[in-house]
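See structure below.
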Amino acid sequence: MTVHNPLSTRITTINNGDTDGWDLFRRARDMKRAGHPVIELTIGEHDIRTAAPILREMHQAAIGGNTGYADIPGSDELRDTIARRIQSNTGVATSRDNILVTAGGQAALFAAHHAVCDEGDKALYVDPYYATYTGTIRSVGANPVAVYAQPEDGFQLKRSALEAQAQGARSLLINTPNNPTGVVYSRETIQDIAEVCKAHGLWLISDEVYDTQIWEGTHISPRQIEGMAERTMVVGSMSKSHAMTGSRVGWVCGPAHAIARIEDLLTYTNYGIAGYIQDAANYALQLGKDFEDQIGAPFKRRRAIVEELLAGQNIVRAVPMQGAMYAMLDIRATGMSGEEFADALLDEKFVAVMPGESFGTSSAGHVRVALTVDDVAFRSAFETLLSFAAERA
Ligand code: PLP
């Protein structure tokens, strides 16, 4: 037997012994590889690839020589473009000194928590949550503590739930438009969050990677609430808004003094993001809102399909589908858990959806449907899901 040197507690406890919640996704992939006709409505990735003009820009930048070490905080041009975009969307004065370019939103989530949390700090996150949140918090040595958003509140985070946990916490991580629920936080929710953060001295880490995909309501960045710019780190990304998931480019936007410190972390991790990727991201952002709407349009169409098909039955109920690329469905009327429903739907009907339990406790009895296959296949899979629910109810 080989005896290994022990690894750090930090690395061996990143997942806290839990599964990462993606078992169903992996099972669906295995079944597909084995030749089963599985329709995957699991992972949050577009069914289109990065647009050709963005790739041409990337190619030209690389051929033109932008292949050396890039400036660690990101190029001035890209940071200026991101800052202008944020300022014009929110009205908050923003310059390149507020922006660091990161390897996607995920690295921005890590960097922001690294910047505000010390070892053992209580770091709040909202359940249901995007799969990487607890691991990200643990990976900086902090202690993830859930604040629960409830289905009966349409998964809007309630002030009382937050206040109950805010004492002694260092940070709060929120996500609107939300993955997995598809909910957009209302002005009242954002206002409540801001007030609790100010009252308890919390840093707010605001994951806004779906901010271009709003179907109902208005996206309000909490950084624009009075007194919040100096305590908020906004996480942004090109992944969802521009279908650039594989390019790994995103950003943190925060107070200049904090951004200057996080630059030190980037020196010891990525050492900058590839220059030709940054040039492509800068080009993509100049394509403006029309292009972003074009990327979001398929999800908007499929959301309409969900609404149309749901109207013809009364077993499955949808959480308000306000943004992002998901429908969160309440399937409790079938008497099944989200896991039982998703497992049986995959095994019997070859439709793969994510159990709500994969995203926390509050979304038990739900399944998350990613709106990420073409409209015809999507309609057919969704009809299958509804008739399956009707059989089981
Ligand atoms: N935040 C949320 C809520 C997400 O859903 C995702 C990806 O699915 C990310 C962050 C990370 O995205 P990326 O690292 O590709 O920017």
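Starting from 1, each residue takes its place in the sequence as its number. Both ligands and their constituent atoms are indexed starting at 1 by order of listing.
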Going by heavy-atom distance to atom 10 (C) of ligand 1, choose the closest among Asp207, Thr245, Asn175. Asp207
Look at the rings of Tyr133 and Tyr130 and say which category their plane angle falls in: under 30° parallel, 30 to 60° tilted, over 60° perpendicular. perpendicular
Is it the case that ligand 1 has an N or O less than 3.5 angstrom from some N or O of Tyr326? no
Please state which protein non-hydrogen atom is closest to atom 9 (C) of ligand 1 and give its distance, to 0.1 Å? Tyr130 CE2, 3.5 Å
Sub-4.0 Å heavy-atom approach of Met238 to ligand 1: no
So, applying side-chain hydrogen bond (donor to acceptor under 3.5 Å, both in side chains) with Thr245, which one of His46, Glu45, Arg49 is it? Glu45
Side chain to side chain donor-acceptor pair (under 3.5 Å) contacts in which one or both residues fall within residues 253-263, not counting sequence neighbours: Arg261-Asp264
Provide the number and element of each atom of ligand 1 under 4.0 Å from a heavy atom of Gly105. 13 (P), 14 (O), 16 (O)
Using heavy atoms and a 4.0 Å limit, tell me yes or no: is Arg248 in contact with ligand 1? yes
Numbering the atoms of ligand 1 from 1, which are under 4.0 Å from a heavy atom of Ser237? 13 (P), 16 (O)
Taking salt bridge (charged side-chain N to carboxylate O under 4.0 Å, His left out) as the definition, give me every residue that meets it alongside Asp97, ordered by chain and number, with sequence neighbours left out. none
Specify the protein heavy atom at minimum distance from atom 15 (O) of ligand 1: its residue, its atom name, and the distance to 0.1 Å. Ser239 OG, 2.6 Å
Can you tell me which residue among Thr13, Thr9, Ile14 is in a side chain to side chain contact (heavy atoms under 4.5 Å, CB included) with Ile11? Ile14
Identity and separation of the nearest protein heavy atom to atom 8 (O) of ligand 1: Lys240 NZ, 2.7 Å
Within the structure, does Val209 bring an N/O atom to less than 3.5 angstrom of an N/O atom in ligand 1? no
Where is the tightest heavy-atom contact between Leu329 and Leu385, given as atom of each residue plus distance? CD1-CD2, 3.9 Å
Any N or O of Asn179 closer than 3.5 Å to N or O of ligand 1: yes
Of all the atoms in ligand 1, which lie at a distance below 4.0 Å from a heavy atom belonging to Gly104? 14 (O), 16 (O)
I'd like to check Gln313 versus Leu310 (side-chain heavy atoms, cut-off strictly below 4.5 Å). Are they in contact? yes
For the pair Lys240 and Asp211, find out whether any cationic side-chain nitrogen is under 4.0 Å from an anionic carboxylate oxygen. no
Same cluster or not: Met228 versus Val126, using hydrophobic residues (I, L, V, M, F, W, Y) connected whenever any side-chain heavy atoms lie under 4.5 Å apart? yes
Taking only heavy atoms of Tyr210, which atoms of ligand 1 are found under 4.0 Å from at least one of them? 3 (C), 4 (C), 5 (O), 8 (O)
